[in-house]
2 protein chains.
Amino acid sequence: MSPTAAGTMRAVVCNSPGPTSVLRMQHIPLPIPVEGQVLVKVLGFGINRAEMYTRQGHSPGIEFPRILGIELVGEVAGYPSGSGAEPGDLPIGTRIATCMGGLGRQIPGSYAEYACPLKANISRIPQTSLPIATIAAMPEMFQTAYGSLVQALELKPGESILIRGATSSVGLTALQLARYLGAGRVAGSTRSGAREKMLRDYGADEVFIDDGNLAKHAPAQFDKVLELIGTKTLKDSIKCLRPKGMVCMTGIQGGEWTMDDFSPITDLAERRRLTGYSGDPKDFLALPWGELIRAVEKGEIKVPVREFRLDQLQEVHDTLEQGGGGQKMVVVI
Amino acid sequence: MSPTAAGTMRAVVCNSPGPTSVLRMQHIPLPIPVEGQVLVKVLGFGINRAEMYTRQGHSPGIEFPRILGIELVGEVAGYPSGSGAEPGDLPIGTRIATCMGGLGRQIPGSYAEYACPLKANISRIPQTSLPIATIAAMPEMFQTAYGSLVQALELKPGESILIRGATSSVGLTALQLARYLGAGRVAGSTRSGAREKMLRDYGADEVFIDDGNLAKHAPAQFDKVLELIGTKTLKDSIKCLRPKGMVCMTGIQGGEWTMDDFSPITDLAERRRLTGYSGDPKDFLALPWGELIRAVEKGEIKVPVREFRLDQLQEVHDTLEQGGGGQKMVVVI
């Protein structure tokens, strides 16, 4: 879709922190890339809980009004004026993806027809027949799951892993990536027995119904645990680790991210290890896009996606507030 | 020294939890080894802060009266009656060391002329000309420092390490072991400038005067940190780690072992890792005693030791309560 009027575009602006109704479609001037940025025509983008927290006013240092949206897929549409020759490696029309690097925070975000991400945070996307909705679901979701498993947990072929809180889009992706990376035993947890089949469809060998005490069912069994619920369940997740096992806390589905009365010597006994993961632009750039897109094309990795239009972002945020659910919500423009 | 009367021995008994005056020398019957135990004539033993906490009543599940003392060096003196042939691998007179495995907790401890540790927790000690005081200082101190560096932190040659709270006996041993293991850069911290020379004498390349904010002086510089102060300084220690670095909390010199408001995702950003170490009988048995004793004989590793008699244990515990200081306190019998 082209700009709706010469030099303007549609964007969903968050004028001040507040409820979902603060998200309003506006016609605003096209953004102008400055040194280090690239003008990108947005084709689609995933929506993230981080954006809900920012909209609610929980992200320090964010100024309003602000266009939210920390990721996008799009096409290169321009460069800073006066920057001389167009960079040879990213010609106009190149299909790209980006996430983080200040997008939707210090830089106007992806809830718009155009955006100006940092060139340093852009990855080229290989040619693919996959629909935009599928590709748009991938950047943040894949970098979070892949970064947690590969960079933070250093998951090795043959190792066992528990994905705690596996029904989120990151959880479903992590189940599949763990299997794709050669994990020996992949388990997932959910609070709802009704979702067991979904987890098995997405690659879980084993499903635990999470009553808050998984260590009772699976004590000291896993080499690795990916904690997506948060600190509410973290101590219990640690007890599911084998000696020298490692847990990575990446998600806060349970809404709690800090812990009181934590005793490293006793809670991390038997050389169990704890780390955290919040994403990293370097990890995004290191994603093996070619390999991952081929795996999605072949159906080896399914992308759980639910598609919306730009004018439906209030509805998307309403859904986020109700918990989100298993599918990655994306906007296709 | 033989039993003071036929069938009896001297032991320092802790009759109930309380101040140092609860530690009283008594003449009591020789202990009788049961299945799985060995009767050992105690030659000497190191004294540990853990014993102070037990004496103060802070160790759950310990019954009084209790003979404290979680480690010893000694000579095999007998086996359970009716156990048939003496085990061939531990003849009477064999020089041995032991620590943990319930000694001084569920089993009467080493503050005595004889004790009955579990055979499964005993290590033979190589022949050596080192004085008993030196050998007696080694079991718990070396297993704590070696276990923290090798088992928990997996310190590799060439890596940089900070020992936080390096003036304790474990700290001084860790400085030297880190160097012995080939660490590329060994730093130690102390709150007192007057102790800088001591740390350098024990192998520190670099000494930080600890004002509680070491991350200001050494931000993101170390591959590994051994935290001996406790949770008081742990968050700051994490900030001294390079990305993907690991901190192991082993000590609680600062008296605090739990942490509030801990946020794994932000406090352990950049894939920094946290673990804890409280000693492990398996690690004690895996200690390379031959190698370590040769290194001590050659002066490559110095053992900081201060010698006492069995009748001075009140004084030793008084000193522990005042902070202990750099030398490992041992009793030689």
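Within every chain, numbering begins at 1; the chains are lettered A, B, ... in the order of the sequence lines, protein sequences first and strands thereafter. This structure is a prediction, so every number in the text was calculated from the model and none was measured.
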Starting from the C-alpha separation in whole Å, work towards a yes-or-no answer on side-chain contact (heavy atoms from CB on, under 4.5 Å) for B:Ile252 and A:Ile265. CA-CA 9 Å; B:Ile252 50 170; A:Ile265 292 179; 4.1 Å; yes

Let me confirm one number: the CE-OG1 distance from B:Met259 to A:Thr258, rounded to the nearest 0.5 Å. 11.5 Å

With a 4.5 angstrom heavy-atom cut-off, which part of A:Thr250 approaches chain B: side chain, backbone, both or neither? backbone

Considering only heavy atoms, which portion of A:Asp267 lies under 4.5 Å from any heavy atom of chain B: side chain, backbone, both, or neither? neither

So what's closer than 4.5 Å to chain A heavy atoms on B:Glu256: side chain, backbone, both or neither?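 Contact with chain A: none, neither part.
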
Does a side-chain heavy-atom distance below 4.5 Å link [X] with [Y]?
X: A:Leu234; Y: B:Pro264; answer: yes
X: A:Asp280; Y: B:Arg271; answer: yes
X: A:Glu270; Y: B:Gln151; answer: no

Determine which pairs satisfy ring-ring contact (aromatic ring centres under 6.0 Å, His included) with at least one residue from residues 250-274 of chain A, sequence neighbours left out, and list them in order.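 Residue pairs passing ring-ring contact (aromatic ring centres under 6.0 Å, His included), neighbours aside: A:Phe262-B:Phe262.
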
Main-chain N/O of B:Arg272 paired to A:Thr275 side chain as donor or acceptor, under 3.5 Å: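 Yes.
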
side-chain contact (heavy atoms from CB on, under 4.5 Å) between A:Leu268 and B:Leu274, worked out: CA-CA 8 Å; A:Leu268 293 167; B:Leu274 169 63; 3.7 Å; yes

Counting heavy-atom pairs under 4.5 Å with chain A, which one of B:Ala152, B:Gly147, B:Ser278 comes out on top? B:Ala152

